[in-house]
Number of protein chains: 2
Amino acid sequence: MSTGDVAVGILRRIAAEPVTRSVLAKETGLAPSTVSAKITELMDAGLVQEGGAAPSRGGRPGRLLSISYTSGRIAVISMGAKHARLGLADFSRTILCSSAIDIDVADGPERTVELLANEVRALLERDGGDLLSVGICLPGPVDAVRRVVVAPSRMPGWHNQDVGALLEKQLGVPAITDNDANMAALGEYLSRADAAANSITVLAGTGVGTGIIAGGELYRGSTYASGDITHTKVEAAADRMCTCGNRGCLETIASGAAIVRDLNQSGIKVGDIFEVLDMVRDGDPTANGAIREAGRQLGLALSTVVNFFNPGDVYLTGALSAASVYVAAVRSQLYERCLPLATAGLRVEAAQAGGEAGMIGAAELAIIHLLNQPGLPARFTEPAE
Amino acid sequence: MSTGDVAVGILRRIAAEPVTRSVLAKETGLAPSTVSAKITELMDAGLVQEGGAAPSRGGRPGRLLSISYTSGRIAVISMGAKHARLGLADFSRTILCSSAIDIDVADGPERTVELLANEVRALLERDGGDLLSVGICLPGPVDAVRRVVVAPSRMPGWHNQDVGALLEKQLGVPAITDNDANMAALGEYLSRADAAANSITVLAGTGVGTGIIAGGELYRGSTYASGDITHTKVEAAADRMCTCGNRGCLETIASGAAIVRDLNQSGIKVGDIFEVLDMVRDGDPTANGAIREAGRQLGLALSTVVNFFNPGDVYLTGALSAASVYVAAVRSQLYERCLPLATAGLRVEAAQAGGEAGMIGAAELAIIHLLNQPGLPARFTEPAE
DNA sequence: AACAGTTAGTTCGCCATCGAACAAAGTATG
DNA sequence: CATACTTTGTTCGATGGCGAACTAACTGTT
């Protein structure tokens, strides 16, 4: 009674929404007979149940299938340098509840993970459900094979740390770890029914990072370092020294941190990028101009990458993407600077999944990881018995 | 007796070099029994024969398998604006013979394809073999699904032309078409035993284009326009008007055409980039400086793309890559400008396949296309009977 | 020379999936 | 209301590939 990959795919489709066997067959491309066989197997295992009838479409109505064990939960964590957002998701990647806590990466991995685990437990206590797996987005490069953080500029003291292992020790369930921009790219890709097979997702908050979907798959690069765009040279930053050691990097003028610093230097006191965005909402022209200029500079740097990668979609997420002036600035730069063939059919939009994109991506990877573990059916049914 | 994809893979491996069944099993990952079954099938069909014994490696020696029909030929064409290189390849993608002819894209597709087809026929007459398929590299974007040339800046009058159909009409065999840089990227990837799964191949001649391999597959982008890098903005070109309508594009200073123009403007008369390369070989300091500077500028533009895409390898091909000073300039810029994590393990090298990379890639796609046509075994054995 | 060890290739039963034919359960129409 | 049509789901052989156990053919050692 091995639950192979095919059964897992079917299971996940059913988890997303009750469907009939024939719909499953059409969507997965499997033969109707194969789907029926798998469903029988899953029903025998107690994972799937037959619900009501689907509305007839001119013929015999289908029977809807649904997951019989619905209390399984995936914890997802989106970590920043000072804050973390946490949530609980089900097998359809729906974020059922969420919360936010203050942390400080300077406390180091052990202490930080302990705080995060405590909050996950608090969420579970409040909302119920059985924790099955956990996924976490980190603001730095993550070696997905060795599962360790690599040379994180914003997380000193976390180098070569296996955050997944720490989480597993705390929570007792399998954990996965990845870069926040990668997770956001995956989450946004999954959230859209009409997503292009190739896309770039920009996560613009305190820093700026991008995640890449190539051919419908998350692309991580040869050393898990793909998606950097903040060290593109832009003229407007020519004289600015960057933390990377070079001059002229985008990061020095278009990141949330740079915007805040520049505004403070010109006499407008702001604490963080969220305050700047509040000012934009209140119609402050200086803040508006700063955000627009950041968008223009990002668009300029992105134009090189769009010409090269030729994506179908560019998604903007993170704090800055909430400002429509930012999205508009990026879009207009791309349409102006890129080649006609690259902009033909190119969409440049704020992410539909918004701030949840990263958590949705984390849920996806955590679910895949969970379902690839041996002894799955037991894990699924155990808590229900 | 359907010759499925598995049999095709086995057939191609044998075509590359006689191998034993056990080697096939190890390389393809198939079960030994499956390989044996397929071989029996292929031998029954007369496509494969058993040759001598392989040297024993401490146990029972294997029996070598080879293709019994070896006269099949794939014509490959690498087309420029003024010249074309042609060749004949076998099923192992080995270029058996080649030639070059002068053409002029201004003559239009019909006339040009006629000239190319004539030369293919001349090659076949001289070297023998049965023409089975043809692949052509074009110096512009090619929609690989609709198989037509799209908005080719260097080929006015070729827009929306189906060059493959014209070739098929002339030569009577299936044809495939793709962009020259894509083909070069594929060819170089296939030529290297140790190729990284993600790579960028730069084709630098009169113009500059790149081809992308992502996850071991040729990546073409959402509108078959991927790989453009010549319209990256570089400071040194700030005041130069580009054909694309913007200013500051790399193309205006680092392409072969730009180098030739600049040298002529400074009083050094040269006809084309090959003359400049000859001067470099002869130790001319001005030519040397020009090539080096072009390499530096390319390296600068590439650094953005390498940070973003994080490839394992960067291959340089095309006329300019013959100058070691060019390769060195690109390499040093990348190592200096890119992030440490992106350069960790990054190789920057002249292409091993050299000028043949494009033709090898074209052979690969033509072979795949041929083997995916229905009625394959007949086509294979027909001429031998 | 005998025998252990190693590698090559085959036989045969198992399993997953496919696809064609069929049964089931509805809707539309005369 | 009977009949044709449509869609859903099942039954049942056919097929492709896997893998364990086996036979085959060689090398090296005692």
Side-chain angles (χ1 to χ4, degrees), chain A residues 1-14 17-45 47-68 371-372 374 376-377, chain B residues 1-14 17-45 47-68 371-372 374 376-377:
Chain A
M1 200 168 293
S2 83
T3 309
D5 282 349
V6 173
V8 167
I10 290 176
L11 201 57
R12 298 206 50 202
R13 180 62 188 87
I14 295 173
E17 174 196 16
V19 283
T20 65
R21 290 171 180 79
S22 74
V23 168
L24 284 171
K26 263 163 214 154
E27 289 187 359
T28 59
L30 295 168
S33 51
T34 307
V35 172
S36 278
K38 292 292 164 194
I39 293 299
T40 308
E41 197 179 298
L42 289 170
M43 283 174 59
D44 286 350
L47 306 181
V48 165
Q49 61 190 2
E50 233 167 26
S56 163
R57 292 187 296 135
R60 168 177 171 176
R63 279 166 284 166
L64 289 172
L65 300 161
S66 58
I67 298 283
S68 53
L371 297 184
N372 283 336
L376 158 68
Chain B
M1 201 171 289
S2 82
T3 309
D5 281 348
V6 173
V8 167
I10 290 175
L11 202 57
R12 298 205 52 203
R13 180 62 188 87
I14 296 173
E17 174 197 16
V19 284
T20 64
R21 289 172 179 80
S22 74
V23 168
L24 284 172
K26 264 165 212 151
E27 289 188 359
T28 61
L30 295 168
S33 52
T34 307
V35 172
S36 278
K38 292 292 163 193
I39 293 298
T40 307
E41 197 179 300
L42 290 169
M43 284 175 59
D44 286 349
L47 306 182
V48 165
Q49 60 191 1
E50 232 167 28
S56 163
R57 292 187 295 134
R60 169 177 171 176
R63 279 165 286 164
L64 289 173
L65 300 160
S66 57
I67 298 283
S68 53
L371 297 184
N372 283 336
L376 158 69

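Labels below follow one simple rule: chain letters A, B, ... track the order of the sequence lines, proteins then strands, and each chain is numbered from 1.
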Just how far, in rounded Å, is [atom2] of [N] from [atom1] of [X]?
X: A:I39; N: D:dG9; atom1: CD1; atom2: C1'; answer: 11 Å
X: B:I10; N: D:dG16; atom1: CD1; atom2: C1'; answer: 12 Å
X: A:R21; N: C:dA24; atom1: CZ; atom2: P; answer: 15 Å
X: A:L30; N: D:dG9; atom1: CG; atom2: P; answer: 15 Å
X: A:L64; N: C:dG26; atom1: CG; atom2: P; answer: 14 Å
X: A:K38; N: C:dC15; atom1: NZ; atom2: P; answer: 12 Å

State whether [X] places a side-chain N or O below 4.0 Å from either non-bridging phosphate oxygen (OP1 or OP2) of [N].
X: B:S36; N: C:dG9; answer: no
X: B:S22; N: C:dT7; answer: no
X: B:K26; N: C:dT7; answer: no

So which nucleotide from D:dG17, C:dA8, D:dC26 ends up closest to the side chain of B:P61? D:dC26
Among C:dG19, D:dG19, C:dG9, the nucleotide that comes nearest once only the side chain of B:R63 is considered: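 Looking only at heavy atoms from C-beta outward on B:R63, the closest nucleotide is C:dG9.
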Report yes or no: is there a donor-acceptor pair, N or O only, under 3.5 Å between the side chain of A:S33 and the base of C:dG19? yes
Rounded to the nearest 0.5 Å, what separation is found between the CD atom of A:E41 and the OG atom of A:S36?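 Going from the CD atom of A:E41 to the OG atom of A:S36 covers 12.5 Å.
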Side chain to side chain contact (heavy atoms under 4.5 Å, CB included), that's the test. Do A:T28 and A:R13 meet it? Break it down for me. CA-CA 9 Å; A:T28 59; A:R13 180 62 188 87; 5.8 Å; no
Can you name the closest pair of heavy atoms from [X] and [Y] and give their distance?
X: B:Q49; Y: B:I67; result: NE2-O, 3.8 Å
X: B:V35; Y: B:R21; result: CG1-O, 3.7 Å
X: B:L65; Y: B:E50; result: CD2-CG, 3.8 Å
X: B:A25; Y: B:P32; result: CB-CA, 4.1 Å

If the condition is side-chain contact (heavy atoms from CB on, under 4.5 Å), which residues does B:A54 pass it with, not counting sequence neighbours?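 Scan of B:A54 (side-chain contact (heavy atoms from CB on, under 4.5 Å), adjacent residues dropped) gives B:T20, B:L64.
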Sorted by number, residues from residues 50-60 of chain A placing a heavy atom under 4.0 Å from DNA chain D are A:R57, A:G58, A:G59, A:R60
